Amino acid sequence: MPELPEVEITRERIGPALLGRRIEGVHTTKPSYFFLTPPQRLRKRLVGRTVQALERVGKYLVAPLDDGSRLVLHLGMTGQLFVEGVASVRLLSAAGRAALAPEKQGHFSPDAHTHLWISFEDGGPAVIFRDVRKFGKVLWLAPGEKTPRLERLGVDALRAGGADLFAASRTRSAAIKSLLLDQSVIAGVGNIYADEALFLAGLRPTRAARRLSRPQCGTLAAALQQVLRRSIETGGSSISDYVAPDGRDGAYQDERRVYARKGEPCDACGTAIRRIVIGQRSAHFCPRCQA
DNA sequence: ACCGCACCCTGAGCGC
DNA sequence: TGCGCTCAGGGTGCGG
């Protein structure tokens with residue numbers, strides 16, 4: 001679910017519920033690879049701490065704490081970071097939803113997928129991290145400690161220019177779509193926005209990266225900026241799981257030109273959108289508009 | 001270096 | 001109703 005725009009919206013809206021509040025309790029599910037830092041240690045390190053800032057690095061959220069350590073979060077595919085008390089049907093499974101009366105279907109209560117529950121000394125609402133597939137990650141870093149996960153990220157997608165793309169693509173024979181998804185090249189782009197940017201730039205996702213000209217790299221970088229910024233403006237894409245920390249859906253899914261629109265007519269020319277597979281991921285494009 | 005693939009996990013939706 | 005299958009905004013690690 002969450003790509004750069006969704007993570008950025010999450011950062012902005014979870015901030016008020018997190019910053020400056022002293023952590024009283026941390027409740028977790030049992031150890032799993034979701035916890036890069038084991039739950040028991042995580043609890044020990046977090047209780048009594050105060051979150052001083054919240055930064056986004058690619059698709060990661062990084063929270064510096066008052067003792068110089070850092071809490072690192074990644075939402076994976078189905079991660080949901082939100083404030084206790086918000087209502088959204090996306091916070092319940094279809095089965096759970098069906099079991100409730102319609103007027104209660106937005107109400108969230110902790111379930112087996114609620115891996116992190118952070119409560120605060122001020123007694124206000126908790127911050128909750130739920131993730132059905134557990135592809136998300138929680139990691140605590142000691143003061144000064146580094147992690148390859150952050151170290152190897154390339155330039156943030158909101159700051160990536162044509163020159164970055166051009167330089168990174170010269171030796172790459174792989175499809176440009178795969179290059180866009182490579183977080184060590186450009187950090188933050190995922191499947192939706194890679195497809196949408198390639199459509200806007202008029203480029204086929206299958207094109208070998210090294211075959212792009214300098215101007216085409218410029219066009220693609222500009223398209224990426226436009227797509228990402230517009231998605232942030234509209235609150236991100238809520239396609240199946242994504243919900244903002246305040247419980248609201250994004251609206252960018254309504255502006256998609258190609259992603260998950262297989263068989264539908266292209267907005268620009270009417271040709272049916274095609275879906276293919278590139279690097280084990282789906283790719284969507286208009287066979288007429290994208291060369 | 002770089003590329004493709006297996007794998008991590010759960011749930012929804014589909015055809016039969 | 002149930003079964004088996006495919007699919008899903010993520011990333012890592014391996015061998016070639």
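None of the values given here were measured: they were computed from a predicted structure. Convention: sequence-line order gives letters A, B, ...; per-chain numbering from 1. Computation of the quantities below employed the complete heavy-atom set of this structure, encompassing side-chain atoms and omitting hydrogens, waters and symmetry-equivalent molecules.
Rounding to whole angstrom units, CE of residue A:M77 and P of C:dT12 are separated by 14 Å. A:L139 has its CG atom 14 Å from the C1' atom of C:dT12, to the nearest Å. Atom-to-atom, CD1 of A:I186 to P of C:dG11 comes out at 13 Å; the value is rounded to the nearest Å. The nearest whole Å value for the distance from the OH atom in A:Y33 to the P atom in C:dG11 is 14 Å. As rounded to whole Å, 13 Å separates atom C1' of C:dG11 from atom CG of A:N191. What separates NE2 of A:H74 from P of C:dG11 is a distance of 4 Å, to the nearest Å. Here C:dG11 presents its P atom at 13 Å from CZ of A:R133, a figure rounded to the nearest Å. Regarding A:Q253, its CD atom lies at a distance of 17 Å from the P atom of C:dA8, rounded to whole Å.
Within 4.0 Å of A:S32, counting heavy atoms only, lies no atom of the nucleic acid at all. Within 4.0 Å (heavy atoms only), A:R256 reaches no atom of the nucleic acid at all. Within the nucleic acid shown, A:K137 has no heavy atom closer than 4.0 Å to any nucleic acid atom. Looking at heavy-atom distances under 4.0 Å, A:S178 makes no contact with the nucleic acid at all. Here A:Y259 lies in heavy-atom contact (under 4.0 Å) with sugar-phosphate atoms only.
With a cutoff of under 4.0 Å to any heavy atom of chain A, the contacted region of DNA chain B is bounded 5' to 3' by B:dC2 to B:dA12.
Distance noted for atom P between C:dT6 and B:dA6: 14 Å (whole Å).
If you check C:dT1 for Watson-Crick or wobble pairing at under 3.5 angstrom, you find it has no partner at all. B:dC9: no Watson-Crick or G-U partner with both key distances under 3.5 Å is found in any strand.
Across the interface with DNA chain B, nearest-nucleotide mapping of A:F135 and A:A168 shows A:A168 to be the residue nearer the 5′ end. A residue-by-residue look at A:G279 and A:V132 shows that A:G279 has its nearest nucleotide of DNA chain B further toward the 5' end.
Distance alone, capped at 3.5 Å, places no donor-acceptor pair between the A:T37 side chain and the A:L139 backbone.
In this structure, A:R256 forms no cation-pi arrangement with A:Y252, as its terminal cationic atom is not both closer than 6.0 Å to the ring centre and no more than 45° off the ring axis. Both tests do not hold together for A:R257 against A:F199: distance to the six-membered ring centre under 6.0 Å, angle to the ring axis within 45°.
When the nucleotides C:dT12, C:dA8, C:dG11 are ranked by their closest atom to the side chain of A:R152, C:dT12 comes out on top.
Across A:H284 and A:I273, no two heavy atoms sit closer than the pair CB-CG2, 4.2 Å. Looking at every heavy atom in both residues, A:E12 comes nearest to A:I232 through OE2-CG2, 4.4 Å.
Through side-chain heavy atoms spaced under 4.5 Å, either directly or across other Ile, Leu, Val, Met, Phe, Trp or Tyr residues, A:I278 is tied to A:I276, A:F285.
A chain of hydrophobic side-chain contacts below 4.5 Å, direct or via other Ile, Leu, Val, Met, Phe, Trp or Tyr residues, connects A:F108 to A:F129.
Remark: A:Q226 engages no residue in a side chain to side chain donor-acceptor pair (under 3.5 Å) (not counting sequence neighbours).
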